[in-house]
Amino acid sequence: PHSSISNPKNEQRTTNNEELAEHVRQGLSRQPKALSSMYFYDEVGSRLFQQIMALPEYYPTRTEFEVLTRHRAAIAQALTPADGQPFHLLELGAGDGLKTKILLRELLAAGTRFAYAPVDISPSALAGLADSLRAELPSLQVEPLTAEYTQALAQLQGQPGRKAVLFLGSNIGNFPPAERQQFLGALAAQLSPDDRLLIGFDLRKDPRQIRAAYDDAQGVTAAFNLNLLTRLNHELGADFDLAAWEHFAEYDPLTGAMRSFLVSRRAQQVHVAALGQRFEFAAWEAIHTENSYKFTLPQIEQLAAAAGLRVQQVFQDEQQWFADVLLAP
Ligand code: AVI
């Protein structure tokens with residue numbers, strides 16, 4: 001066992017309140033108002049997201065689990081350099097790593113030489129992952145990093161040797177279209193010809209099924225969305241009255257945009273102490289808090305091509321609800 005699990009960056013980057021404050025200042029000054037779903041993932045938010053992944057309505061996680069289980073041998077082979085050179089398996093937005101463990105086990109069983117570098121914005125999720133890997137896969141070399149995607153890209157740049165990058169869970173759907181393309185281009189720019197990229201895309205399907213996944217009967221997704229306001233109350237001294245806000249989620253089958261909002265139930269003012277500023281909300285005014293785009297295969301081809309990447313293989317579940325797409329420079 002040789003794991004280098006401790007990472008000083010984990011302590012450095014817990015929450016950067018100034019960055020959050022500036023984000024809120026801009027987001028709530030804009031029309032329509034918007035906040036980034038990136039800030040959902042504090043400790044409570046990360047725990048709620050784990051609950052979401054286990055909900056009956058939230059099909060993406062168990063569907064991708066099926067994809068990875070079904071195709072694990074082919075995927076592990078496709079990620080491994082043909083010449084057997086050791087490589088870094090970098091995962092962006094690793095979270096609890098439950099799905100990734102299928103691939104990690106497969107790679108270890110094949111005697112593949114690699115180090116696993118999970119990157120996540122949530123230090124608590126990452127610590128949980130590192131602990132569980134130490135217990136379940138003690139021979140695995142793990143190098144966790146608490147970072148945002150853009151910081152992870154910078155990290156990639158300095159990384160010598162072969163790499164395979166995982167971006168699972170349809171995390172890519174959380175970017176608005178322009179940022180999605182820009183991010184994929186920036187990611188592609190860090191890849192050498194022998195490197196590989198596996199991206200999970202949630203595909204278009206019955207609009208009602210999609211909407212239900214983001215508005216579950218138990219209200220866990222509502223709590224997840226509303227927790228953003230609780231976070232602002234705690235970290236920025238805001239005075240959002242949680243009873244005056246509600247979760248709303250809508251799917252647009254024309255564009256594949258699944259959007260979540262926090263809607264103000266009445267006209268109100270909210271004070272944010274860290275900014276020394278008040279924000280006005282009209283009755284039923286919405287804050288756009290999340291995009292969870294759904295894709296078509298031709299759209300994925302196009303997205304890849306525009307980033308200078310080739311689609312090498314498409315792995316899907318039986319019902320074709322989800323695709324893990326293998327890309328190469
Ligand atoms: C992390 N991300 C891919 C999830 C999604 O489906 O967009 C986050 C989520 N939001 C509400 N439910 C789940």
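Any value given below was found using the heavy atoms of this structure, including those in side chains, with hydrogens, waters and symmetry copies removed. Numbers here are sequence positions counted from 1. Ligands are counted one by one from 1 in listed order, and the atoms in each one are counted from 1 as well. Worth saying up front: this structure is predicted, and the values here are computed from it rather than measured.
- Judged by a 6.0 Å distance limit and a 45° cone about the ring axis, Arg180 is positioned over the six-membered ring of Tyr293.
- Residue Thr221 has no nitrogen or oxygen atom sitting less than 3.5 Å from a nitrogen or oxygen atom of ligand 1, judged on distance alone.
- Set against the non-hydrogen atoms of Glu290, the atoms of ligand 1 under 4.0 Å away are 7 (O), 8 (C), 9 (C), 10 (N), 11 (C).
- In summary, the aromatic rings of Phe114 and His88 are positioned with their centroids too far apart to meet the 6.0 Å limit.
- Judged by a 6.0 Å distance limit and a 45° cone about the ring axis, Lys33 is not positioned over the six-membered ring of Phe279.
- Between Phe40 and Phe49, a ring centre-to-centre spacing not shorter than 6.0 Å is recorded.
- Under a 4.0 Å criterion applied to the non-hydrogen atoms of Asn171, ligand 1 contributes the atoms 1 (C), 2 (N), 3 (C).
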Stepwise ring pair (Phe, Tyr, Trp, His ring centres under 6.0 Å) check, Phe87 with Tyr116: CA-CA 9 Å; Phe87 68 104; Tyr116 174 52; over 10 Å; no
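- Separation of the Phe261 and Trp284 ring centroids does not fall under the 6.0 Å cut-off.
- Of the N or O atoms in Tyr58, one or more lie within a sub-3.5 Å distance of an N or O in ligand 1.
- Set against the non-hydrogen atoms of Ser170, the atoms of ligand 1 under 4.0 Å away are 3 (C).
- When only interatomic distances are considered, the shortest N/O to N/O separation between Lys294 and ligand 1 does not fall below 3.5 Å.
- Under 4.0 Å from ligand 1, the heavy atoms of Asn174 that appear belong solely to its side chain.
- For an aromatic pair to be called close, the ring centres must be under 6.0 Å apart, and Phe167 with Phe183 satisfies this.
- With a heavy-atom cut-off of 4.0 Å, Tyr41 touches ligand 1 through its side chain alone.
- Taking every non-hydrogen atom of Ser292 and a distance limit under 4.0 Å, the qualifying atoms of ligand 1 come out as 5 (C), 7 (O).
- Through direct or indirect side-chain contacts shorter than 4.5 Å among Ile, Leu, Val, Met, Phe, Trp and Tyr, Leu254 is connected to no other residue.
- Taking every non-hydrogen atom of Tyr214 and a distance limit under 4.0 Å, the qualifying atoms of ligand 1 come out as 5 (C), 6 (O), 7 (O), 10 (N), 11 (C), 12 (N), 13 (C).
- Contact analysis puts Gly169 in contact with ligand 1, with a non-hydrogen atom separation below 4.0 angstrom.
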